[in-house]
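The structure under discussion appears below in the form of structure tokens.
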Amino acid sequence: GALPSEPVFLPHRKGFAFLLNTGDGVRLFRSSFGSSSFDPYLDSHLRVHFAKHPGTGKWHVFYVQGEREQQMGRILMTAPVDPDTGALLTSPVKLLQGIGRLETIGNFSVGDGGVLVWGHTSAALPIWNIKWVDREGNLLAKIAENRNIVSMALSPDETKIAVQLQEPDTHIWIFDAKNGAGKRISNLPTMEVCPIWAHDSKSIYYLSLPSNSRELRRHYLDSPSPQEALWQESGSNHSQANVVLVGVAGDERHVLVWTKNGKLNRLDLTSPAPRKLEPLEILESISARLSLSPDARLISSTELVSSCIS
């Protein structure tokens with residue numbers, strides 16, 4: 001059967017939304033835990049996001065509506081939802097038009113406080129521009145203007161953006177979200193990929209890819225010794241596709257890492273160095289596109305072997 005993809009937990013973790021190609025195109029569906037059935041959800045072919053409204057505290061769904069191949073026809077929509085079922089509580093409203101995409105992922109993200117970051121261009125194009133605006137649409141800052149942006153991550157406190165740039169080497173920069181000032185996180189002559197913020201926004205985790213090895217490092221923003229090496233593996237192909245930093249547990253005692261053999265691994269940060277990756281026997285083979293629940297206790301992913309979401 002068709003492979004489901006891009007699973008995302010509903011706010012209260014009682015179900016999830018996911019994409020499925022039914023033969024008439026890719027569409028968004030939802031299901032609840034313990035159920036073998038699923039129902040059509042929203043008119044979208046891209047992954048959704050859920051976030052709380054900063055004023056009302058209500059959960060909202062954010063999704064892209066419109067034709068897959070027509071960029072200017074792709075519209076970012078939102079509506080309040082039931083956090084248990086994901087059901088829309090009111091009619092959705094239009095936020096933005098011309099949202100870019102990368103395969104089944106829309107070029108937008110929503111912070112915990114409801115702040116949006118988005119890209120109008122396709123991710124396949126070499127140049128992106130990030131703009132920081134207030135809720136009335138007034139421009140506050142231009143970030144990484146006319147740079148080759150591969151990916152970005154908004155800090156939980158919504159004051160900084162970690163950006164993976166490729167110029168031509170791939171490095172991670174930290175930008176101030178209000179004034180656009182930025183700098184590289186290190187002077188290491190290696191590729192830096194997969195930035196993920198710590199929950200207190202005071203540091204980021206990322207992968208460093210020297211020749212024939214790979215390293216997991218932590219960068220502290222306000223420290224005289226900002227770099228901390230957490231894990232290293234030698235003799236590995238340094239391609240980014242071979243390893244992906246997935247997420248950080250809520251208590252930051254563990255980091256989750258996906259490896260090319262289709263395994264999800266856990267790294268215990270409380271153990272002494274040299275640390276080892278511990279394979280999690282969750283599924284036989286899973287996709288690198290994982291979704292962590294807000295408390296980082298549950299994982300949803302596409303299983304590559306049995307074509308199901310677990």
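Just so it is clear, the structure is predicted and the values come from calculations on it, not from any experiment. Hydrogens, waters and symmetry mates play no part in the numbers below; they use all other heavy atoms, side chains included.
- One distance of note links OG1 of T78 with NZ of K94; it measures 14.5 Å at 0.5 Å rounding.
- Of the possible polar contacts, one joining the S44 side chain to the V64 backbone as a donor-acceptor pair under 3.5 Å is found.
- The cluster map of Ile, Leu, Val, Met, Phe, Trp and Tyr, joined by side-chain heavy atoms under 4.5 Å apart, puts I174 and M152 in different clusters.
- Surrounding CG of D222 are at most 12 heavy atoms belonging to other residues, nucleotides or ligands under 6.0 Å away.
- Here the CG atom belonging to L256 is positioned 9.0 Å from the CG atom belonging to N265, to the nearest 0.5 angstrom.
- Put simply, CG on L216 and CG on L207 are 6.0 Å apart, with the number rounded to the nearest 0.5 Å.
- Partners of Y206 under the ring-ring contact (aromatic ring centres under 6.0 Å, His included) rule, at least two apart in sequence or in another chain, do not exist in this structure.
- Note that CD1 of I149 is 3.5 Å distant from CD1 of I130, once rounded to the nearest 0.5 Å.
- A donor-acceptor pair is defined here as one N or O able to donate and one able to accept, closer than 3.5 Å; no such pair exists between the side chain of D43 and the backbone of Q65.
- The aromatic rings of H60 and F62 lie tilted to each other, with the angle between the two planes from 30° to 60°.
- A pairwise comparison of heavy atoms in S203 and R218 identifies OG-NE, 2.9 Å as the closest pair.
- H171 contributes no side-chain N or O that, together with a main-chain N or O of P189, makes up a donor-acceptor pair within less than 3.5 Å.
- Using modelled atom types and a 3.5 Å distance limit, the side chains of Q227 and S186 yield no donor-acceptor pair.
- By the rule that hydrophobic residues join a cluster once side-chain heavy atoms approach within less than 4.5 Å of another member, I99 and V93 end up as members of separate clusters.
- Side chain of W197 to main chain of A153: a donor-acceptor pair is present (N/O by atom type, distance under 3.5 Å, no hydrogens or angles).
- Considering all non-hydrogen atoms of both residues, A141 and G180 come closest at CB-N, 4.0 Å.
- Between atom CD1 of residue I143 and atom NZ of residue K160 there is a gap of 12.0 Å, rounded to the nearest 0.5 Å.
- A donor-acceptor pair under 3.5 Å is absent between the side-chain atoms of R266 and the main chain of E278, judged by distance alone.
- Two residues are said to be in side-chain contact when any heavy atoms from C-beta on lie closer than 4.5 Å; D82 and L89 meet this criterion.
- With respect to F16, the ring-ring contact (aromatic ring centres under 6.0 Å, His included) criterion is satisfied by exactly one of F33, Y41, F9: F33.
- One hydrophobic cluster, built from ILVMFWY side chains closer than 4.5 Å, cannot hold both Y220 and I196; they sit in different ones.
- Within the 3.5 Å criterion, the main-chain N or O of T170 finds no donor-acceptor partner in the side chain of Q164.
- R30 contributes a side-chain N or O that, together with a main-chain N or O of T85, makes up a donor-acceptor pair within less than 3.5 Å.
- Residues P83 and W59 approach most closely at CB-CD1, 3.7 Å, considering heavy atoms.
- W231 approaches R275 most closely through the heavy-atom pair CD1-O, 3.3 Å.
- For D268, the salt bridge (Lys or Arg N to Asp or Glu O under 4.0 Å) test picks out no residue, with sequence neighbours left out.
- One N or O on the side chain of E252 and one on the backbone of H199 form a donor-acceptor pair closer than 3.5 Å.
- Smallest separation of non-hydrogen atoms from S31 and S35: OG-O, 3.9 Å.
- Remark: side-chain polar atoms of E192 are paired, donor with acceptor, to backbone N or O of I172 under 3.5 angstrom.
- No path of Ile, Leu, Val, Met, Phe, Trp and Tyr side chains, each step under 4.5 Å between heavy atoms, connects L267 with I204, placing them in separate hydrophobic clusters.
- Contacts of F38 classified as ring-ring contact (aromatic ring centres under 6.0 Å, His included), with partners at least two apart in sequence or in another chain: F18, F29.
- Note: the hydrophobic cluster containing L154 does not contain I185 (ILVMFWY, side chain heavy atoms under 4.5 Å, direct or indirect links).
- Side-chain atoms of L88 and L42, non-hydrogen and from C-beta on, do get closer than 4.5 Å to each other.
- Annotation for D200: atom CG counts as buried by contact number, over 12 foreign heavy atoms lying within 6.0 Å.
- Of all heavy-atom pairs spanning Q232 and S213, the tightest one is NE2-OG, 4.3 Å.
- Atom CZ of residue R74 and atom NE2 of residue H45 lie 6.0 Å apart, to the nearest 0.5 angstrom.
- Considering only heavy atoms from C-beta on, I75 comes within 4.5 Å of Q97 through its side chain.
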query: After noting the C-alpha distance and the side-chain angles of Y205 and L230, does the key distance pass the side chain to side chain contact (heavy atoms under 4.5 Å, CB included) rule?
result: CA-CA 9 Å; Y205 299 84; L230 303 174; 3.7 Å; yes
